[in-house]
Amino acid sequence: VLSTVVSGAYLCSGTQDGQIRVWHIRDRVEATVLRHHTSAILALEADEPSSVLISGSSDSTICLWKMCDPSLFQCLCVVACNAHGDVFSLAVVDRFVYAGFSDTKLRRMTENLDSIVARSDAQHDEVGAKELESLTGLISSTWALQPSSAGPLKQSLRGEKQCAHY
């Protein structure tokens, strides 16, 4: 087990073989296995308000999964991040997904979780190939982490907006 996250009644664990095992916490049984990644699941994050599980892998992809009844878990979209390397970490901030990559950069998806879920709900199925192509360009706002002489890491944003320095 390389990564874990709790979402409601479920504990999700990411494995070396690219599977996400979803466990029912109270019953201590495996509820389902999610398969889409082709290699190790390095990061998992859950967004309770939208019931979305986000997985990041060493195959350089991020998957967003709709979590409802375990038999109905579905992949909402896949974001290919081939040029950025392994996905090491994930976080949801202000409805946007942030991902940390092996190229030492932190990136934000340009489309927020609410719009991805709404679009998927309207289609009543997994996002199709045409939408996946447009979603592969979701990564934007490259953040480079730089050591600060004042102590903690300082973040500088290359691109559209400036951000607060920490």
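Quick caveat: nothing in here was measured; it's all calculated off a predicted structure.
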Shortest non-hydrogen contact from Gly56 toward Leu90 = N-CD1, 3.5 Å

Contact check, side chains of Leu64 and Leu53, non-hydrogen atoms, under 4.5 Å = no

Would you name the heavy atoms of Ser39 and Ser57 that are closest together and state the gap between them?
-> O-OG, 3.0 Å

Closest non-hydrogen atoms of Val33 and Glu30, given as atom of the first, atom of the second and distance, are CG2-OE2, 3.2 Å

Nearest heavy-atom pair of His37 and Ile41: which atoms, and what distance?
-> CD2-CD1, 3.1 Å

Evaluate the criterion side-chain hydrogen bond (donor to acceptor under 3.5 Å, both in side chains) for residue pair Gln19 and Thr15; output intermediate values, then yes/no.
-> CA-CA 5 Å; Gln19 297 180 359; Thr15 65; 5.1 Å; no

State the CE-OG distance between Met67 and Ser51, to the nearest 0.5 angstrom.
-> 8.0 Å

Find the distance between CD (Glu45) and OG (Ser55) and round it off to the nearest 0.5 Å.
-> 11.5 Å

Mark yes when over 12 heavy atoms from residues, nucleotides or ligands other than Asp94 sit less than 6.0 Å from its CG; otherwise mark no.
-> no

Student check: side-chain heavy atoms of Ser3 and Val5 closer than 4.5 Å = no

Would you please name every residue forming a side chain to side chain contact (heavy atoms under 4.5 Å, CB included) with Leu11, sequence neighbours left out?
-> Thr4, Val6, Trp23, Ile25

Trp65 pairs by side-chain contact (heavy atoms from CB on, under 4.5 Å) with which of Leu44, Val22, Ile20?
-> Ile20

Is there side-chain contact between Met109 and Ile116, with at least one heavy-atom pair below 4.5 Å?
-> yes

Lys66 side-chain N/O to Ser50 backbone N/O, donor-acceptor pair under 3.5 Å | yes

Which atoms form the tightest heavy-atom contact between Glu48 and Gly8, and what is the distance?
-> OE2-N, 3.1 Å

Non-hydrogen side-chain atoms of Val97 and Arg108 separated by less than 4.5 Å = no

Do Val87 and Thr61 touch side chain to side chain, with heavy atoms closer than 4.5 Å?
-> no

Considering only heavy atoms from C-beta outward, does the side chain of Arg95 approach that of Pro49 to under 4.5 Å?
-> yes

Kindly compute the distance separating NE2 (His36) from SG (Cys63), expressed to the nearest 0.5 Å.
-> 5.0 Å

Would Arg107 count as a cation-pi partner of Phe101, with NZ or CZ less than 6.0 Å from the six-membered ring centre and within 45° of the ring normal?
-> yes

Verify, without hydrogens or angle tests, whether Asn112 (side chain) and Phe96 (backbone) share a donor-acceptor contact under 3.5 angstrom.
-> no

Distance in Å, Phe88 CZ paired with Asp103 CG, rounded so as to fall on 0.5 Å steps = 9.5 Å

Who else is in the cluster with Val1 when I, L, V, M, F, W and Y are joined by side-chain contacts under 4.5 Å?
-> none

If every non-hydrogen atom of Ala31 is compared with every non-hydrogen atom of Tyr10, which pair is closest and at what distance?
-> CB-CE2, 4.1 Å

